[in-house]
Amino acid sequence: MPEKISIAEARKAESVGKNVILQGWVRTRRDSKGGFSFLELNDGSCFGNIQVIAEAALPNYESEIKKLTAGSSVRVEGEVKASPGKGQATEVQAKSVAVYGFADVETYPLQKKGHSFEFLRTIAHLRPRTNTFGAVARVRNCVCNSIHQFFQEEGFLYLHTPIITASDCEGAGAMFQVTALNLEKLPRGENGVDYHLDFFDRPTYLTVSGQLEAETYACGLGRMYTFGPTFRAENSNTPRHLAEFWMVEPEAAFFDIFDDMDLAERLLKRIFSDVLQQCPEDMDFFNQRIDKTVIATLRHVLDSEFRRVTYTEAMEILQQSGESFEFPVAWGSDLQSEHERYLTEKHFRQPVILYDYPRTIKPFYMRLNDDQKTVRAMDVLVPKVGEIIGGSQREERLDVLEMRMREQDLKPEDYWWYLDLRRYGTAPHSGFGLGVERVLLSITGMANIRDIIPFPRTPGNAEF
RNA sequence: UCCCCGAUAGCUCAGCUGGUAGAGCAAGCGGCUGUUAACCGCUGGGUCGUAGGUUCGAGUCCUACUCGGGGAGCCA
């Protein structure tokens, strides 16, 4: 009896001699001079296709096989043989080719040759059938698996923090409001909309971060991490921003800022090394067709220690760089993209961890340093992508935290449960947020974050 | 949201200082003793993003809008 196997399996030399059933989508058909056809078949199990030899003697050769075009789906039964041709170890000599569905060439938008990513975005339901999006999907899966394995091995618990939150000022920008009210007929009170009639008895939003909730579990169970979707309603139109993206947020009790940096560095290196090891075919493709430096860059990162410099030191490096920046370099203002790029792409040429930022440009929850001017913030910057991780040691002193809240016009009473963590058995702790899509950008060399997530959500775009 | 650039065949693009559209790939047909981004020949295929305007005449110049890209801001 023939065995149903994946194309990944059938491509291995060990499969030679097996009678198999393969099912997948035709990438291309080449008709040979000898009166038979080659079908390139892909089923997503690996980057490469398998070559199927369909002889003219097959009963449906003229009626169906010669009409197969890119996108058609088939079931092939046959024997795996060593391939005499170049470019593959094995091929399948078909005993039968059954067609599940043709793809009309007059209307099927995908062709054998290259398409622009802009065009593919308009057919996001079909782009998984391309080399690039198949590779992205497999690498994305590898990265997510790697993240979970890393944290499990490091003793972190996977925590599900809420998607819907009532904290409307977590300090991370505009939020999507969630309501069950009829927007056509909003109940009005004396002070505008009467949210007591809304589902949760108050205004609620999609989360911009699980950090505050993760802190509550870290301050009781030690090491936690969240991994879920995150929402930002900013009108951001860049190749690095999404309105819906996936973020990993570890939070660990008794971690100071340097433990936090160590964790971040270990995590990134683990992800990079797993991808190189587990997705070699996909990475070769990215290295050849997308960015010829990605593999060398990943190896370089694995072999070097992340440079750690304070914000103040970074400002000195920038001032002495001799570069003419569009934006002035001045202590107290945030680093511009061009500054980050200079540091990570020109000066250090590797990932850089910047820390101890001015208190005025960072949120209330970051721990105040003894100099009273800086806070224990840390950002990991990588070449091309920029900020990939943002984190900090959290302020664990109740009085200082309340003071910082008032400084930023926040009401401590709105955060009563967050402050309780400091009121009862407070503990030093730290954490960070890692943007999964940004990691994937730097791993794959892909230029636009909209091509790294299956269904991008950006301003004016939610078709699929 | 701001600045810059773009939109021409199914796809990727060319089309000069205005004179009524072209290539490659894809598709169809023919050829070629295993091809692998196959190759060679022929054929079909376009209200030049939308709406106005200037002009004898607009793919080409002007205005607005729509969509896309790059940069900036917000950040992951």
Side-chain angles (χ1 to χ4, degrees), chain A residues 27-41 48-56 66-67 69-71 81 83-88 91 93 103-123 130-131 170-174 208-211 229-249 264 288-289 326-327 334-338 340-341 361-363 379-382 385-391 432-442 447-453 458-461 463:
Chain A
R27 284 292 177 81
T28 172
R29 188 194 83 233
R30 292 183 296 272
D31 297 330
S32 140
K33 317 169 198 181
F36 55 94
S37 295
F38 297 99
L39 303 174
E40 290 273 348
L41 213 60
N49 308 321
I50 191 140
Q51 175 164 285
V52 173
I53 286 76
E55 300 279 357
K66 289 264 286 196
K67 291 180 179 144
T69 52
K81 295 189 165 178
S83 177
K86 287 182 180 173
Q88 65 272 328
E91 61 186 29
Q93 183 75 35
D104 180 7
V105 294
E106 297 296 326
T107 53
Y108 187 63
L110 287 175
Q111 295 167 8
K112 199 154 57 174
K113 296 242 167 173
H115 295 280
S116 68
F117 293 137
E118 293 83 3
F119 170 68
L120 292 173
R121 259 171 243 153
T122 69
I123 49 166
T130 64
N131 284 336
E170 292 177 17
V208 294
S209 164
Q211 180 198 320
T230 307
F231 307 89
R232 304 275 165 91
E234 302 288 348
N235 190 9
S236 296
N237 290 286
T238 85
R240 300 178 305 283
H241 288 86
L242 290 165
E244 177 182 290
F245 63 97
W246 288 70
M247 188 157 66
V248 179
E249 295 180 283
Q288 280 171 31
R289 294 297 180 89
E326 187 186 341
F327 294 92
D334 213 348
L335 276 83
Q336 302 290 318
S337 280
E338 57 173 347
E340 295 181 352
R341 292 182 83 107
I361 59 173
K362 289 293 182 183
D379 286 353
V380 180
L381 311 178
V382 297
V385 178
E387 188 178 339
I388 200 170
I389 283 177
F432 60 78
L434 168 74
V436 170
E437 286 77 16
R438 291 204 177 162
V439 171
L440 281 159
L441 281 178
S442 71
N448 196 312
I449 201 164
R450 297 168 193 204
D451 302 323
I452 279 298
I453 193 164
T458 53
N461 212 321
E463 174 75 12

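Sequence lines set the chain letters: A, B, ... in the order given, protein chains first and strands last, and positions in each chain run from 1.
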Looking at every strand, decide which applies to [X] at a 4.0 Å heavy-atom threshold: base, sugar-phosphate, or nothing.
{"X": "A/G433", "result": "sugar-phosphate"}
{"X": "A/L434", "result": "nothing"}
{"X": "A/L110", "result": "nothing"}
{"X": "A/E91", "result": "base"}

Could you pull out all residues at least two apart from [X] that satisfy salt bridge (charged side-chain N to carboxylate O under 4.0 Å, His left out)?
{"X": "A/E91", "value": "none"}
{"X": "A/R341", "value": "A/E345"}
{"X": "A/R450", "value": "none"}

Nearest heavy atoms of A/E249 and A/G210, plus distance in Å: OE1-N, 2.8 Å
Side chain to side chain contact (heavy atoms under 4.5 Å, CB included) evaluation trace for A/N448 with A/R121: CA-CA 11 Å; A/N448 196 312; A/R121 259 171 243 153; 3.6 Å; yes
Under the side chain to side chain contact (heavy atoms under 4.5 Å, CB included) rule, collect the residues that match up with [X], sequence neighbours excluded.
{"X": "A/S442", "value": "A/F272, A/V382, A/V385, A/I388"}
{"X": "A/A70", "value": "none"}
{"X": "A/A233", "value": "A/A174, A/F176"}
{"X": "A/N49", "value": "A/R27, A/E40, A/N42"}

Contacts of A/T130 that satisfy side chain to side chain donor-acceptor pair (under 3.5 Å) - sequence neighbours left out: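 With neighbours one apart ignored, the set is empty.
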For A/D104, side chain to side chain donor-acceptor pair (under 3.5 Å) partners two or more places apart: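 Partners of A/D104 under the side chain to side chain donor-acceptor pair (under 3.5 Å) test: none.
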I'd like a table of atom pairs between the protein and nucleotides 67-72 of chain B - only N or O on both sides, under 3.5 Å - with the distance next to each one.
| residue | atom | partner | partner atom | Å |
| --- | --- | --- | --- | --- |
| B/rG69 | OP1 | A/R121 | NH1 | 2.1 |
| B/rA72 | N6 | A/N237 | O | 3.3 |

Whichever of A/F38 and A/K66 has its nearest RNA chain B nucleotide further upstream toward 5': A/K66
Toward the 5' end of RNA chain B, by each residue's nearest nucleotide, A/E387 or A/Q88: A/Q88
Rounded off to whole Å, could you give me the [atom1]-to-[atom2] distance for the [X] and [N] pair?
{"X": "A/L381", "N": "B/rC75", "atom1": "CG", "atom2": "C1'", "value": "12 Å"}
{"X": "A/F36", "N": "B/rA38", "atom1": "CZ", "atom2": "P", "value": "15 Å"}
{"X": "A/E234", "N": "B/rC2", "atom1": "CD", "atom2": "C1'", "value": "15 Å"}
{"X": "A/I123", "N": "B/rU12", "atom1": "CD1", "atom2": "C1'", "value": "14 Å"}
{"X": "A/E40", "N": "B/rA37", "atom1": "CD", "atom2": "P", "value": "8 Å"}
{"X": "A/I388", "N": "B/rC75", "atom1": "CD1", "atom2": "P", "value": "18 Å"}
{"X": "A/D31", "N": "B/rU36", "atom1": "CG", "atom2": "C1'", "value": "13 Å"}
{"X": "A/L441", "N": "B/rC75", "atom1": "CG", "atom2": "P", "value": "19 Å"}

Neighbour count above 12 (heavy atom, 6.0 Å) for A/R30 CZ: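 More than 12 heavy atoms, drawn from other residues, nucleotides or ligands, come within 6.0 Å of this atom.
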Pairs under 3.5 Å (N/O, protein and nucleotides 8-11 of chain B):
| residue | atom | partner | partner atom | Å |
| --- | --- | --- | --- | --- |
| B/rG10 | N2 | A/Q111 | OE1 | 2.6 |
| B/rG10 | N2 | A/Q111 | NE2 | 3.0 |
| B/rG10 | N3 | A/Q111 | NE2 | 2.8 |
| B/rC11 | O2' | A/H115 | ND1 | 3.3 |

Could you work out the separation of [N] and [M] based on their [atom1] atoms and round it to a whole Å?
{"N": "B/rG22", "M": "B/rU60", "atom1": "C1'", "result": "15 Å"}
{"N": "B/rU8", "M": "B/rG46", "atom1": "C1'", "result": "8 Å"}
{"N": "B/rA27", "M": "B/rA64", "atom1": "C1'", "result": "39 Å"}
{"N": "B/rC42", "M": "B/rA37", "atom1": "P", "result": "25 Å"}
{"N": "B/rC75", "M": "B/rU17", "atom1": "P", "result": "45 Å"}
{"N": "B/rG28", "M": "B/rG44", "atom1": "P", "result": "16 Å"}
{"N": "B/rU1", "M": "B/rC11", "atom1": "P", "result": "28 Å"}
{"N": "B/rG6", "M": "B/rU43", "atom1": "P", "result": "35 Å"}

Value rounded to 0.5 Å, distance of NZ in A/K66 from CZ in A/F36: 11.5 Å
Secondary-structure notation, RNA chain B, from Watson-Crick and G-U pairs under 3.5 angstrom (| other strand): (((((((..((((.....[..)))).(((((.......))))).....(((((..]....))))))))))))....
A/R30 (side chain) and B/rC39 (base): donor-acceptor pair under 3.5 Å: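 Looking at the base of B/rC39, it does not pair with any donor or acceptor on the side chain of A/R30 (distance under 3.5 Å).
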Nearest-nucleotide pick for A/R232, side chain only, options being B/rU36, B/rA76, B/rU35: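 When the side chain of A/R232 is considered, B/rA76 is the closest of B/rU36, B/rA76, B/rU35.
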